[in-house]
There are 2 protein chains.
Amino acid sequence: MSQMSPKRADGSASDLGTGTASEFGGSGLALFLSTFVNRIDRKGRISVPAQFRTVLGAQSFPGVIVFPSFVAPAIEASGIDHIERLSAGIDQFDPFSDEHDAFAISILADSHQLSFDSEGRIVLPDVLREHAGMSDRAAFVGRGATFQIWEPEAFRTCQEEARKRARDSRISLRFRDSAGER
Amino acid sequence: MSQMSPKRADGSASDLGTGTASEFGGSGLALFLSTFVNRIDRKGRISVPAQFRTVLGAQSFPGVIVFPSFVAPAIEASGIDHIERLSAGIDQFDPFSDEHDAFAISILADSHQLSFDSEGRIVLPDVLREHAGMSDRAAFVGRGATFQIWEPEAFRTCQEEARKRARDSRISLRFRDSAGER
DNA sequence: TGGGGAATTATGGGTGTCAATGGGAAATTA
DNA sequence: TAATTTCCCATTGACACCCATAATTCCCCA
């Protein structure tokens, strides 16, 4: 996977024309797609992929919200807008319900707001770097409305296992089905 | 076959008037049809067939979404709209469900947004070029709501085998039928 | 019906711009 | 003062944009 290559995440930075990306939100929906691997410098700074930045920069807080994944050695990340939507959804529950509690405790309490420096970089809190076991590179993995940040090798492994599991599953079928192939 | 000729995909462009493609049906539905073979220049650029471009250019992101095919040495491609529909469908699942995970990992993470340059060309990431074993030409193969990108010879081979299978099964069916009738 | 000629597409190449990255100085905090 | 964060500048390598040229196709008109 040159995608995981050290040198450059991949052509990714260029995959999306700069100008194009910004107007992408015109339709309202902007997705985080693809995987980018960037370096962590000795000050702990990481460039957020330009493509992701254009999505994040347009939101009410121009930065990233991050919190540890419950199930994997990875960091969940999204724009503030997504968290607000989640929160609004949860608020429909009784404020003292288990759902409300679980959400507040497991997401809100552990999440951090990270803003960009003038070059579009962020610094991950140590807790999170450790949770994901990252040393000197970080993989930004698009998941649609959100993305994750992984130690690149760990993600590789996880991805292979997922493929193994899903090889002949319905995922691929679904793509074809809706493709209106027949 | 003439369809696979190097020079020009074939007269296919004329099968369907250029303007016709985009407004196809007026119902909003536009299909990717036919096969076109174009060159890959030394910078890795490939012209997307004009006919496909008119469909893609009308979508919320004017470019192509590509990701490796699970089952073939080919690249799956579509417009952003198709991915958004898929994603929206998946979002109905619990964000931490296996379904969601498998989709995100196997499609979203491996996909790339490619925008057109001013001449309507794209540059495929190395990972994908390698996955499809492409060197200096690319075959764009219409599949309705989506299309695929192949190394032309590989597609030829695959196509012939498919035909052979189809013919064999038909023959065997006919044999069965007539055998039964007799 | 059969030319031209205009328009569109495919393709090649040069170059300015931007993303990613690294390092240092100023500002802030302990 | 030492340590950390913030801001600014420099470098490099891709790539986005520009222009030029073929190769077709489309369209109009004789």
Side-chain angles (χ1 to χ4, degrees), chain A residues 2-3 5-23 34-57 62-63 112-126 129 136-140 152, chain B residues 2-3 5-22 34-57 62-64 112-127 129 136-140 149 152:
Chain A
S2 73
Q3 208 163 1
S5 87
K7 240 331 157 38
R8 189 144 207 216
D10 61 7
S12 50
S14 57
D15 286 355
L16 192 60
T18 312
T20 325
S22 55
E23 34 185 332
S34 189
T35 297
F36 304 85
V37 177
N38 284 342
R39 294 194 74 92
I40 303 176
D41 71 16
R42 75 181 64 177
K43 293 181 183 177
R45 297 175 298 188
I46 319 173
S47 287
V48 175
Q51 214 177 113
F52 288 12
R53 239 185 292 153
T54 60
V55 177
L56 295 165
H112 301 252
Q113 283 191 36
L114 310 179
S115 46
F116 299 130
D117 72 6
S118 48
E119 273 74 31
R121 290 173 288 196
I122 56 173
V123 176
L124 290 175
D126 291 341
R129 282 252 308 258
D136 69 336
R137 17 198 94 221
F140 291 79
Chain B
S2 73
Q3 218 159 350
S5 89
K7 247 326 156 44
R8 179 114 220 231
D10 64 7
S12 50
S14 56
D15 290 353
L16 200 68
T18 311
T20 326
S22 57
S34 186
T35 296
F36 305 85
V37 176
N38 285 341
R39 290 195 72 89
I40 303 176
D41 72 16
R42 76 181 63 179
K43 290 182 180 177
R45 297 176 298 189
I46 318 172
S47 286
V48 174
Q51 210 176 114
F52 287 12
R53 241 185 292 154
T54 60
V55 177
L56 295 165
V64 192
H112 297 254
Q113 292 188 38
L114 310 180
S115 50
F116 299 130
D117 71 6
S118 45
E119 275 74 29
R121 290 173 289 194
I122 56 174
V123 176
L124 291 175
D126 291 342
V127 216
R129 283 249 311 256
D136 69 338
R137 24 199 76 199
F140 291 79
I149 309 175

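- Rounded to a whole Å, the CZ atom of B:F116 is 15 Å from the P atom of C:dT11.
- Rounded to an integer number of Å, the gap from CD of A:Q51 to C1' of D:dC15 is 14 Å.
- Residue whose closest nucleotide on DNA chain C sits further toward the 5' end, between B:R53 and A:V48: B:R53.
- What separates NZ of B:K43 from P of D:dC17 is a distance of 13 Å, to the nearest Å.
- From A:I40, atom CD1 reaches atom CZ of A:R137 across 9.0 Å, with rounding to the nearest 0.5 Å.
- Here D:dT5 presents its C1' atom at 15 Å from CD1 of A:I122, a figure rounded to the nearest Å.
- One can place CG of B:D117 at 16 Å from P of C:dG14, the figure rounded to the nearest angstrom.
- Judged by distance alone with a 3.5 Å cut-off, no donor-acceptor contact links the side chain of A:E119 to the base of C:dC18.
- Of the side-chain N and O atoms in B:R42, one or more sit less than 4.0 angstrom from OP1 or OP2 of C:dG13.
- With C:dA10, D:dC17, D:dC7 as the choices, the nucleotide that has an atom nearest any side-chain atom of B:N38 turns out to be C:dA10.
- With distances taken from any side-chain atom of A:R121 to the nucleotides C:dA10, C:dG22, D:dC17, the minimum falls on C:dG22.
- We find that CG of B:L124 is positioned 17 Å from P of D:dA14, with the value rounded to whole Å.
- Distance CD1 (B:I46) to C1' (C:dT11): 12 Å, rounded to an integer number of Å.
- Atom CD1 of A:I122 and atom NE2 of A:H112 lie 11.5 Å apart (nearest 0.5 Å).
- For B:G44 against B:R129, the heavy-atom pair with the smallest separation is CA-NH1, 3.6 Å.
- You won't find any donor-acceptor pair under 3.5 Å spanning the side chain of B:R39 and the base of C:dG12, going by distance alone.
- At whole-Å resolution of the value, CZ in B:R45 and P in C:dG14 are 11 Å apart.
- Closest to the side chain of B:A50, from the set C:dT9, C:dG22, D:dC18, is C:dT9.
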Passes side-chain contact (heavy atoms from CB on, under 4.5 Å), A:R121 versus A:I46? Steps please.
-> CA-CA 5 Å; A:R121 290 173 288 196; A:I46 319 173; 5.8 Å; no
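- Looking at B:R53, its side chain does come within 3.5 Å of a backbone N or O of B:V48 through a donor-acceptor pair.
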